[in-house]
Number of protein chains: 2
Amino acid sequence: MLKILADYLQKQASLTDDEIEMVRACTVTKKLRKRQYLLQEGDVCHYNCFVASGCMRFYRVGEDGSEHIMTFGVVNWWVSDQESYNNGTPSKNNIDALAESELLLIEKKDWENLVNTIPRFRDWRDRLKARSFDAAQNRIMSHISDTSEEKYLKFLNSYPDIFNCVPLHMVASYLGVSRETLSRIRNHYAKS
Amino acid sequence: MLKILADYLQKQASLTDDEIEMVRACTVTKKLRKRQYLLQEGDVCHYNCFVASGCMRFYRVGEDGSEHIMTFGVVNWWVSDQESYNNGTPSKNNIDALAESELLLIEKKDWENLVNTIPRFRDWRDRLKARSFDAAQNRIMSHISDTSEEKYLKFLNSYPDIFNCVPLHMVASYLGVSRETLSRIRNHYAKS
DNA sequence: AAAAAACCGTGACTTTTATCACAGTCAAGA
DNA sequence: TCTTGACTGTGATAAAAGTCACGGTTTTTT
């Protein structure tokens with residue numbers, strides 16, 4: 001399981017074996033069952049979490065109890081609540097597992113230490129954050145300019161093979177449409 | 001005009017006078033007329049731009065010619081196309097002035113130099129990016145869970161006194177609704 | 001194996017929003 | 001000054017999406 005992270009860091013961050021060992025030294029593994037929480041509303045997020053297997057979801061519960069999914073975390077993705085992590089404030093969100101999942105956790109202190117001691121780790125972290133921001137910007141743009149069908153097609157592009165883990169009503173939640181509307185979009189798209 | 005930036009850096013980044021002087025040394029001032037471009041689709045973004053006065057808009061033009069506003073830049077805000085800036089790729093967006101505006105530009109090389117030589121500058125930069133990301137996340141959440149009226153109210157909160165610069169049909173564009181719908185939301189809100 | 005729960009599709013109806021058309025105000029420019 | 005264009009509001013209509021209800025399938029749990 002640690003091998004997945006090692007491969008990832010070698011490929012994405014170009015870390016040396018020694019540097020990878022430093023990262024490995026401060027990771028904690030955590031196995032989650034389906035539906036188990038990684039982070040619950042009100043908790044403070046202290047970790048950056050690498051998804052080694054399985055599938056996670058990051059979502060918020062509205063006042064009426066409805067769930068709104070901000071993002072999914074599949075293999076080789078990192079999940080955390082950055083707002084809570086950075087500011088030390090209670091999270092407004094939940095993170096839980098959509099399937100049996102294996103995570104590798106790095107605590108905030110250790111993470112910051114890695115950032116400060118391994119230049120390539122910092123560079124990779126910066127690139128990752130930049131890409132996340134760009135993705136968020138593009139998603140906003142999609143929301144203010146695209147039709148629901150276009151949003152759905154872009155989603156397929158971002159998460160090509162996600163339907164193994166994620167039921168359609170959660171995809172609908174991610175897109176901000178009702179499950180019925182998504183069903184009709186898919187239907188219409190299949191025909192044309 | 002440079003004083004506005006100096007005050008900003010002193011307050012937000014806690015820079016010393018010497019450090020502020022270093023920043024000041026590499027800023028270029030630019031005055032823009034109403035409707036003048038700061039960045040045009042296809043250009044590569046080479047600067048981080050501080051808004052000393054006036055008001056800017058960051059938007060994308062759809063295939064059908066429609067304009068979709070991603071964000072506004074008012075006094076004390078920074079504007080740039082991060083995706084283009086970071087990757088050196090042609091921008092998909094436009095930035096122009098909604099009113100006579102004064103900007104302070106810092107070129108990428110100089111900016112990165114400041115980041116690497118002034119620790120507090122880097123820290124401030126990181127905090128700024130983190131806040132931008134959080135804001136983007138919250139805006140996405142708003143789009144997938146709020147009604148148009150709620151989105152409008154949150155907009156009022158983010159940009160309390162923006163109506164001096166920005167016509168309502170641009171607010172509508174920012175929110176992703178038609179100008180007629182925004183007009184009706186405001187009307188309804190005023191009555192209740 | 002049986003029961004319960006989750007998941008998905010679909011029709012009928014309601015609500016929301018977009019689009020189109022028109023009118024009035026205001027500011028900039030000829 | 002007159003004209004033009006930008007901006008805003010509002011009514012009428014069409015399109016899109018949400019909501020409700022039902023049925024059927026699959027998966028999970030007991």
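Computed over heavy atoms, backbone and side chain alike; hydrogens, waters and symmetry mates excluded. Chain letters run A, B, ... following the sequence lines, proteins first and then strands; every chain starts at 1.
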Among the nucleotides C:dG9, D:dT19, D:dT8, whichever has the atom closest to the side chain of A:Leu168 is C:dG9
Closest of C:dA18, D:dT19, D:dA17 to the A:Ser178 side chain is D:dT19
Between NE2 of A:His143 and C1' of D:dA16 the distance, given in whole Å, is 16 Å
A:Tyr152 OH to D:dA17 C1', in whole Å, measures 17 Å
Result for 5'-nearest mapping on DNA chain D, choosing between A:Thr147 and B:Arg35, is B:Arg35
Notebook entry, point to check: Do the ring planes of B:Phe155 and B:Tyr159 sit parallel (below 30°), tilted (30 to 60°) or perpendicular (above 60°)?
Noted result: tilted
B:Arg184 CZ to C:dT16 P, in whole Å, measures 13 Å
* Taking atom types as they are modelled, is there a donor-acceptor pair under 3.5 Å from the base of C:dG9 to the side chain of A:Arg186? -> no
Given 3.5 Å as the limit, does a donor-acceptor pair link the side chain of A:Asp146 with the main chain of A:His143, or not?
no
Rounded to whole Å, the NZ-C1' distance (A:Lys34 to C:dC7) equals 10 Å
Worksheet item: When we call it a touch if two heavy atoms are under 4.0 Å apart, what does A:Ser148 touch: a base, just sugar-phosphate, or nothing?
Response: sugar-phosphate
note: A:Ile185, atom CD1; D:dA15, atom P; distance rounded to Å ~ 18 Å
Pair of N/O donor and acceptor under 3.5 Å linking C:dG9 base with A:Arg179 side chain:
yes
Checklist entry - Would a line drawn from the ring center of A:Phe72 to the ring center of A:Tyr174 be shorter than 6.0 Å? => result yes
Just checking B:Tyr85 against B:Trp111, ring centres under 6.0 Å apart? no
To the nearest angstrom, the CG-P distance between B:Asn164 and D:dC7 comes to 15 Å
- For C:dT10, take OP1 and OP2 only and decide whether either is under 4.0 Å from a side-chain N or O of A:Asn187. yes
Regarding the side chain of B:His169, the nearest nucleotide among C:dT10, D:dG11, D:dC7 is D:dC7
Note: for B:Thr181 and A:Pro167 on DNA chain C, the residue whose nearest nucleotide lies more 5' is A:Pro167
Rounded to whole Å, the CE-C1' distance (B:Met170 to D:dC7) equals 10 Å
Which of D:dT28, D:dC22, D:dT19 is nearest the side chain of A:Glu180? It is D:dT19
note: A:His188, atom NE2; D:dA17, atom P; distance rounded to Å ~ 11 Å
I'd like to know if the side chain of B:Arg120 and the backbone of B:Ser14 have a donor-acceptor N/O pair within less than 3.5 Å. yes
